[in-house]
Trainee: 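I have a structure here, written as structure tokens, and I will follow up with some questions on it.
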Amino acid sequence: MIKRVRRVVRWTLNTTLGLVWFVIVLGLLAEQEAGPVNWWRLGPALALVVVFSALFLRVTKAILERRYAQRELVAGAVVSLAVALLGTGAPTSWSFVAFTWLSVAVIGVRVRTAWILSLATLLVTAPLNGYRMLDYIGDADTATQVGAVVGSFLYTALMCGTLPWANRLWVWIWRIAEEAHEGREAQARLAVAEERLRFARDLHDLVGHQLSAIAVKSELAVRLGGDTPASAEMAEVRGLARTALRELREAVKGYRQLDLTAELASVRGVLEAAGITCDLKLPYREAPGDTAPVFAWVVREAVTNVLRHSTATTCEITLRLTQEETILEVRNNGVQKDAVKNGEGSGLAGLSERLGAVGGKLTAEPDRKGGFVLRAAAPRVQEPVLAGRL
């Protein structure tokens, strides 16, 4: 379901790019009816629209990955302005490129920033459209010129005031749906984790106690029986009981592995109870099973260090999944004074060993903004494809 919503949002955003080409084609048809085409300006303008289309697709991809493609947006702004200046014929068709740029530039920023971008686009494109409109209609009477300029301004204001917010609404709906989906999955995983812990505890307390009693009783029987066949049999029973108890403890230990999702929910509650704002940035997919328990220990130790050794007011926990590796970053805005000193008192040496067991590595150091970043990275193991799998 969530993948379908994501696909709908992607097509909705990219439909805006399709409108660009549709409007430009209509403008070109109208220009051919009006007279000869100025190819010296039209050719570069169309080439720039192709460049803008490539940038636009990269921006929409970044939006769906919850990134703000700043470089692509800056380049797109420059290209859209150049298109508006070079385009021939009806000015409103070429300025639509700038409106399309605005429709994605406002996604992922604050509402105030979005309004500033909309107003800036209006201030740049409205005078340009008005001037180009006067040049397009030629020697017309004053009333016609005034009407053309007013109509151009209203069109520009309408585009700057509606198109960006429509796309923001679609992305907002998608993110709400994704968060609701992740919330249901998190609740299910928490329930499973709690049941595993309960089962492990009961198994250890009940069966483990009985096996321990059998081992003790058989040891006593061996001592009392002396050198007899019955004592030999009881000695074997004692060995079997100890082996079963050891295997039981190993099995319980496996059930008691930390669950990454449960640990993230737990540390978030602990941080917020301590007055530290916690921002979780998690992917749609889950971390691989071999690294998730290790990353759960990393999260626990990192948050413990934040509480003990920092003056942080905010803590950001980011989990990223790439094709090559899984990356976890815990960032806070209060430098940990004694957390990283020869690896003592912070458990970082133990975390490095845990990550080393799965081929990963750990770094922990202050950043340039007066904060502290703990970063864990582990390679992703590609699962083999089974032949004949349906």
Side-chain angles (χ1 to χ4, degrees), residues 9-34 37-63 69 72-107 109 114-137 147-171:
V9 172
R10 175 186 297 172
W11 279 104
T12 302
L13 294 177
N14 291 336
T15 298
T16 313
L17 180 62
L19 289 176
V20 170
W21 288 99
F22 178 75
V23 171
I24 288 177
V25 169
L26 289 182
L28 292 177
L29 293 176
E31 185 178 357
Q32 286 183 347
E33 295 293 333
V37 177
N38 186 354
W39 290 102
W40 292 103
R41 293 177 59 183
L42 180 60
L46 290 175
L48 288 175
V49 175
V50 173
V51 174
F52 176 83
S53 300
L55 292 172
F56 185 89
L57 293 176
R58 295 184 63 177
V59 171
T60 56
K61 180 181 178 182
I63 290 173
E72 287 82 356
L73 287 170
V74 171
V78 175
V79 171
S80 62
L81 180 60
V83 168
L85 292 172
L86 288 174
T88 62
T92 53
S93 60
W94 298 100
S95 63
F96 197 82
V97 176
F99 306 145
T100 302
W101 169 86
L102 178 63
S103 70
V104 292
V106 299
I107 299 176
V109 298
W115 279 113
I116 292 175
L117 289 174
S118 299
L119 182 60
T121 304
L122 176 63
L123 294 177
V124 171
T125 56
L128 179 61
N129 280 348
Y131 174 78
R132 293 287 306 281
M133 183 62 72
L134 291 176
D135 181 66
Y136 180 71
I137 63 177
V149 172
V150 172
S152 174
F153 176 81
L154 293 177
Y155 164 77
T156 304
L158 180 64
M159 291 295 101
C160 292
T162 59
L163 195 58
W165 303 102
N167 281 348
R168 274 181 69 101
L169 177 62
W170 275 105
V171 174

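The figures that follow rest on heavy atoms only: side chains count, while hydrogens, waters and symmetry mates do not. Remember, it's a predicted structure, so these values are computed and weren't measured experimentally.
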Trainee: S118: what forms a side chain to side chain donor-acceptor pair (under 3.5 Å) with it, not counting sequence neighbours?
Mentor: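 Per chain and number, S118 pairs via side chain to side chain donor-acceptor pair (under 3.5 Å) with no residue.
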Trainee: Taking all atoms of both residues into account, what is the closest heavy-atom pair of S95 and Y155, and its distance?
Mentor: OG-CE2, 4.2 Å
Trainee: Mind listing the closest non-hydrogen atom pair of L86 and A45 along with its distance?
Mentor: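 Closest approach of L86 to A45, heavy atoms only: CB-CB, 4.1 Å.
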Trainee: For the CG atom of N14 and the OG1 atom of T100, what is their distance to the nearest 0.5 Å?
Mentor: 11.5 Å
Trainee: Could you state the interatomic distance from CG (L119) to CG (L123), rounded to the nearest 0.5 Å?
Mentor: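 Nearest 0.5 Å value for the CG-CG distance: 4.5 Å.
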Trainee: So how far is it from I24 CD1 to L46 CG, rounded to the nearest 0.5 Å?
Mentor: 6.5 Å
Trainee: Show which side-chain atoms of residues 48-59 pair as donor or acceptor with protein atoms under 3.5 Å away, not counting sequence neighbours.
Mentor:
residue	atom	partner	partner atom	Å
S53	OG	W21	NE1	3.1
S53	OG	V49	O	2.8
R58	NH2	E72	OE2	3.1

Trainee: Is a donor on one side and an acceptor on the other found under 3.5 Å between the side chain of W94 and the backbone of L85?
Mentor: no
Trainee: Tell me every residue that passes ring pair (Phe, Tyr, Trp, His ring centres under 6.0 Å) with F153, counting only those two or more places apart in sequence or in another chain.
Mentor: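 Once residues adjacent in sequence are excluded, F153 has no partner under the ring pair (Phe, Tyr, Trp, His ring centres under 6.0 Å) criterion.
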Trainee: Test of understanding: with side chain to side chain contact (heavy atoms under 4.5 Å, CB included), list the residues that count as partners of V171, not counting sequence neighbours.
Mentor: V9, L13, I63, I107, W174, R175
Trainee: Between atom CG of L73 and atom CG of L102, what is the distance when rounded to the nearest 0.5 Å?
Mentor: 10.5 Å
Trainee: For L169, what residues pass the side chain to side chain contact (heavy atoms under 4.5 Å, CB included) criterion, not counting sequence neighbours?
Mentor: W172, I173
Trainee: Give the table of side-chain donor-acceptor pairs shorter than 3.5 Å for residues 158-167, with sequence neighbours excluded, one pair per line with atom names and distance.
Mentor:
residue	atom	partner	partner atom	Å
T162	OG1	L158	O	2.6
N167	ND2	S103	OG	3.2

Trainee: With heavy-atom distances below 4.5 Å as the criterion, would you say the side chains of T125 and F99 are in contact?
Mentor: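 Contact flag for T125/F99 side chains = yes.
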Trainee: Can you name the closest pair of heavy atoms from A62 and A69 and give their distance?
Mentor: CB-CB, 3.8 Å
Trainee: Any chance you could measure L26, atom CG, to L19, atom CG, to the nearest 0.5 Å?
Mentor: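 The CG atom of L26 sits 10.5 Å away from the CG atom of L19.
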Trainee: Starting at CZ of F22, measure out to CZ of F96 and round the result to the nearest 0.5 Å.
Mentor: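 F22 CZ to F96 CZ: 10.0 Å, rounded to 0.5 Å.
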